[in-house]
**Q** 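Below: one structure in structure tokens.
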There are 2 protein chains.
Amino acid sequence: MSSRKATSNDVAAAAGVSRSAVSFAFNNPQRISVATRERILAAAERLGYTPDPLGRMLRAGTTNSIGVLLPQRLAWILENPYYSRFLMGAGQVCDQEGYTLLLTPPLQDSVLKAIPYAAVDGFVVCGLEADRGEVAELSRRGIPFVLIDSDRVPGAPSVEVDDRGGAHEVTRYLLDLGHRRLAVLSMDPGAAVTERGYRGPLARRMAGIADALAECDLTMADVQLTEVPVTRAEGYRATRDLMAGGRAPTAILALSDILAYGAVDALQELAIKVPSEVSVTGFDDLSESAWFRPRLTTVRQPIVTKGRMAAEFLISAIRGEEQHPHQVLGTSLIVRESTTKPA
Amino acid sequence: MSSRKATSNDVAAAAGVSRSAVSFAFNNPQRISVATRERILAAAERLGYTPDPLGRMLRAGTTNSIGVLLPQRLAWILENPYYSRFLMGAGQVCDQEGYTLLLTPPLQDSVLKAIPYAAVDGFVVCGLEADRGEVAELSRRGIPFVLIDSDRVPGAPSVEVDDRGGAHEVTRYLLDLGHRRLAVLSMDPGAAVTERGYRGPLARRMAGIADALAECDLTMADVQLTEVPVTRAEGYRATRDLMAGGRAPTAILALSDILAYGAVDALQELAIKVPSEVSVTGFDDLSESAWFRPRLTTVRQPIVTKGRMAAEFLISAIRGEEQHPHQVLGTSLIVRESTTKPA
DNA sequence: CTGAAAGCGCTTACAG
DNA sequence: CTGAAAGCGCTTACAG
């Protein structure tokens with residue numbers, strides 16, 4: 001038993017047949033006689049032969065794998081329940097269609113650089129807020145891709161959510177309840193983005209908030225905006241700071257359920273009653289939000305559906321079927337127990 | 001612009017050089033003159049050429065990707081926070097070492113079948129409770145692998161947690177508090193496993209519980225065992241049933257935090273106070289458990305570390321460095337607010 | 001029923 | 001500094 005991996009050549013030699021026969025034994029049994037086949041299989045077993053997937057893929061021109069091109073390192077992505085949900089949706093389709101899922105984080109901090117190294121039949125591209133050549137690189141590679149959580153790029157298929165409408169609806173709801181001292185707890189857009197304003201879903205949510213404020217003759221200057229990384233601990237910390245400040249809000253509008261959980265944690269610790277003293281809203285409607293106490297009022301976005309559709313569109317593009325240029329999914333306001341009129 | 005993807009051949013022809021030169025232009029610039037290089041790059045740009053990753057990988061004999069061989073469909077795996085944590089640990093290492101992560105679910109319901117189709121340099125194998133030839137197939141493929149959450153297989157490297165010790169400790173803790181009417185809320189081991197008793201981590205946890213019971217002259221027959229799929233809703237449902245039964249427990253020992261959350265949900269809905277009327281314990285110590293109300297008493301297992309170690313061991317094996325045959329990580333009982341003496 | 005050949009796309013010794 | 005050749009491992013028309 002040599003240490004080198006056995007190839008179809010070795011098996012062919014051992015069984016006294018050609019490489020074609022070996023391949024047929026594995027992939028096309030009816031093309032060779034039973035006797036030959038058994039001889040080949042026995043030799044393969046003895047040598048510990050297994051067809052090399054890379055050779056197969058190169059030959060077939062297909063990997064049966066779809067890539068998820070991620071905007072951040074894996075450790076951060078997988079910490080975020082939003083991405084778990086999204087990947088679950090994409091995973092459903094992979095399960096169904098027999099694809100594996102390649103998680104592709106930036107290479108040397110560059111999404112662009114990761115593109116040419118992934119052995120996949122297509123990409124779902126996540127959170128590409130500012131296109132820094134990624135779309136061009138993707139087209140150059142000549143494999144299909146679908147954008148999600150991005151700004152719209154002409155000619156690039158995408159699956160989006162009506163973030164603007166969702167943010168408008170929840171803001172309007174709080175305003176209609178009578179709240180005027182609003183705090184917005186937003187996700188940190190990251191250093192790169194600030195120079196030219198918001199991008200992607202966050203920009204749309206901000207616009208939605210502004211829309212609603214304008215309807216009540218208010219502007220963004222009338223709300224307290226805090227931007228933090230999306231973790232429960234950061235939501236907690238930010239809320240403690242907020243409540244310690246001069247003009248405490250009567251409602252906290254979080255742009256993520258995770259941040260809303262942290263906000264409630266902080267308020268409870270400060271013995272401030274939710275919702276009677278301060279209302280709190282989230283965004284996403286993660287499954288925990290229905291179990292959370294108080295049950296969280298939030299904007300539901302169909303995260304799993306988004307993942308599912310993105311993967312479905314991608315796979316039909318891979319198969320050369322119909323093209324789906326853009327798809328916008330609706331949101332809905334889920335009113336539960338964490339909101340009420342201001343005291 | 002033809003629809004066929006450009007290859008290094010096309011670029012070579014367009015630039016009037018050999019394919020070697022094209023390769024050098026991309027991978028080894030100093031081997032050719034600046035002028036030639038620029039001519040080649042210009043041609044590549046014009047033709048939209050990008051080196052094909054599959055050709056490159058086949059040649060190099062390396063994919064820069066590690067596979068995670070999963071025991072269930074992606075949709076189920078990604079629904080389970082346990083796996084998110086585990087993948088986060090593995091992801092940390094991938095980030096650091098520049099690997100991508102290929103999620104490889106069973107193919108046609110067979111873990112075995114998925115093995116030869118994944119273009120990876122090695123596998124982390126999860127939850128292989130009963131070895132049905134997977135280990136042999138893995139060895140045959142001739143790439144390194146590390147087992148997680150498995151029974152020990154001779155010669156197969158693994159990273160484990162001291163499930164038995166953890167289960168012993170929490171059971172003993174409840175017993176020492178004075179609880180004698182215990183209900184154990186366990187994960188459903190799946191149809192295949194029951195015939196020959198428990199396997200893997202679940203078997204070890206059961207053994208740990210039995211150890212502790214024996215120390216108080218009790219046996220498994222003295223506890224109420226319920227087995228359900230690991231979701232909060234199932235934990236909730238099972239607990240409602242439990243409390244409706246004849247001899248309601250004074251303590252519920254859940255073998256997963258998720259199930260413990262569901263148990264508390266049910267108790268709260270039944271207006272049964274936790275912990276004063278019924279104590280509840282979990283297993284895992286997910287990050288939410290510290291935020292949960294009442295803060296959950298649970299067995300902490302180092303899930304992220306497990307993922308990290310598995311990936312580290314795998315990568316050093318891929319690099320032909322030292323071998324790490326078996327590693328057992330400790331657990332610890334985290335006592336919080338969900339447990340107290342029986343009423 | 002079986003084999004020799006071509007080719008998927010790439011890179012790296014080897015000559016010149 | 002540059003090119004022709006070999007080869008990574010596979011499969012599938014094409015002959016026989």
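A note on names: the letters A, B, ... follow the listed sequences, proteins ahead of strands, and every chain is numbered from 1.
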**Q** In whole angstroms, how far is the P atom of C/dT2 from the CD1 atom of A/I40?
**A**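 It is 8 Å, rounded to the nearest whole Å.
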
**Q** Within less than 4.0 Å of OP1 or OP2 of D/dT11, is there a side-chain N or O belonging to A/R56?
**A**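 Indeed, a polar side-chain atom of A/R56 lies that close.
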
**Q** A/Y49 near the nucleic acid: base, sugar-phosphate alone, or nothing, with a heavy-atom cut-off under 4.0 Å?
**A**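 If one applies the 4.0 Å heavy-atom cut-off, A/Y49 turns out to touch the sugar-phosphate alone, with no base involved.
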
**Q** Side-chain N or O of A/S33 versus OP1/OP2 of C/dT2: is the shortest distance under 4.0 Å?
**A**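 Looking at the OP1 and OP2 atoms of C/dT2, one of them is under 4.0 Å from a side-chain N or O of A/S33.
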
**Q** In whole Å, what is the span from the CG atom of B/N9 to the P atom of C/dC8?
**A**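 Distance check: B/N9 CG to C/dC8 P gives 8 Å.
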
**Q** In whole angstrom, what separates A/F24's CZ from D/dT11's C1'?
**A**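 Rounding to the nearest Å, CZ of A/F24 and C1' of D/dT11 are 8 Å apart.
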
**Q** Looking across every strand, which nucleic acid part, if any, lies under 4.0 Å from A/T7 by heavy atom: base, sugar-phosphate, or nothing?
**A**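 Sugar-phosphate contact only.
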
**Q** Give the rounded distance in Å between these two atoms: CZ of B/R39 and C1' of D/dG3.
**A**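 So the CZ-C1' distance, B/R39 to D/dG3, works out to 13 Å.
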
**Q** Please report the distance, rounded to the nearest Å, between CG in B/D10 and C1' in C/dG9.
**A**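 Checked: the CG to C1' distance equals 11 Å.
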
**Q** Nearest nucleotide by nearest heavy atom, which residue falls closer to the 5' end of DNA chain D, A/P51 or B/T36?
**A**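 Upstream on the strand: B/T36.
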
**Q** Contact class for B/V17 vs. all strands (heavy atom < 4.0 Å): base, sugar-phosphate, or nothing?
**A**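 Here B/V17 touches the backbone only, sparing every base.
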
**Q** For B/N28, which contact category applies under a 4.0 Å heavy-atom criterion: base, sugar-phosphate, or nothing?
**A**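 The residue B/N28 makes no contact with any strand.
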
**Q** For residues A/V146 and A/A310, report the shortest heavy-atom separation together with the two atoms involved.
**A**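 Taking every non-hydrogen atom into account, CG2-O, 3.9 Å.
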
**Q** Do the ring planes of B/F86 and B/Y82 sit parallel (below 30°), tilted (30 to 60°) or perpendicular (above 60°)?
**A**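 Answer is parallel, since the angle falls under 30°.
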
**Q** Using a 4.0 Å heavy-atom cut-off, does B/T50 contact any base of the nucleic acid, only the sugar-phosphate backbone, or nothing at all?
**A**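 Sugar-phosphate, backbone atoms only, no base.
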
**Q** Find the partner of D/dA13: check Watson-Crick (N1-N3 plus N6-O4 or O6-N4) and G-U wobble (N1-O2, O6-N3) distances, both under 3.5 Å, and reply none if neither fits.
**A**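 Answer to the pairing question: none, since D/dA13 forms no Watson-Crick or G-U pair.
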
**Q** What is the nucleic acid contact for B/L58, judged by heavy atoms within less than 4.0 Å: base, sugar-phosphate only, or nothing?
**A**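 If one applies the 4.0 Å heavy-atom cut-off, B/L58 turns out to touch a base.
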
**Q** Return the value, rounded to whole Å, for the distance between atom CG of A/D52 and atom P of D/dG7.
**A**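 A/D52 atom CG is separated from D/dG7 atom P by 18 Å.
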
**Q** When you get a sec, tell me which of D/dG9, D/dG3, C/dT11 is the closest nucleotide to the side chain of A/R59?
**A**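 The nucleotide sitting nearest to the side chain is D/dG9.
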
